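Worksheet for the structure shown next.
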Amino acid sequence: MESYYLKIREYRLQNNHTPEYVAIQMEISVKKYEKIEQGMVDLKLSKLDQLVKILGIKKSQIFQLGN
């Protein structure tokens with residue numbers, strides 16, 4: 001089963017965003033954002049809301065099974 005953090009990275013790449021861009025938009029450090037993509041940090045709901053807005057997706061898309 002694919003983990004949500006791998007989907008976050010996948011959607012970021014589809015949008016041609018750098019980790020730096022997303023981190024700046026989320027008002028967090030690049031290091032912290034990279035830890036999110038690595039699954040080392042759990043996202044707070046408020047940060048998840050920001051992230052899906054930046055990526056232009058719905059929250060449910062991150063947690064869907066499959067693609």
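What you are looking at is a predicted structure, and each value in this text was computed from that prediction instead of being measured.
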Listing request: all ring pair (Phe, Tyr, Trp, His ring centres under 6.0 Å) pairs with a residue in residues 12-31, at least two apart in sequence or in separate chains. H17-Y21

Taking side chain as C-beta onward, heavy atoms only, is Y11 less than 4.5 Å from Q61? yes

May I ask you to test the L43-I8 pair for a side-chain heavy-atom distance under 4.5 Å? yes

Tell me whether L13 is reachable from I57 by hopping between hydrophobic residues (I, L, V, M, F, W, Y) whose side-chain heavy atoms are closer than 4.5 Å. no

How about L51 and Y33: do any of their side-chain heavy atoms sit closer than 4.5 Å? yes

Pair R12-E37, side-chain contact (heavy atoms from CB on, under 4.5 Å): steps then yes or no: CA-CA 10 Å; R12 177 182 59 78; E37 281 195 0; 2.5 Å; yes

Can you tell me which residue pairs pass the salt bridge (charged side-chain N to carboxylate O under 4.0 Å, His left out) test with a partner in residues 42-63, sequence neighbours excluded? D49-K59

Given the rule that I, L, V, M, F, W and Y join up when any side-chain heavy atoms are under 4.5 Å apart, are I62 and L6 in one cluster? yes

First locate atom CD of Q38, then atom OG of S3, and finally report the distance between them rounded to the nearest 0.5 Å. 13.0 Å

Which residue pairs pass the salt bridge (charged side-chain N to carboxylate O under 4.0 Å, His left out) test when at least one of the two sits in residues 20-33, sequence neighbours left out? none

Looking at CD1 of I28 and CD of Q50, how far apart are the two atoms once the value is rounded to the nearest 0.5 Å? 8.0 Å

Does the side chain of L48 reach to within under 4.5 Å of the side chain of V52, using non-hydrogen atoms? yes

With R9 via side chain to side chain donor-acceptor pair (under 3.5 Å) - residues at least two apart: none

Cluster link I36 to L45, ILVMFWY, side chain under 4.5 Å: yes

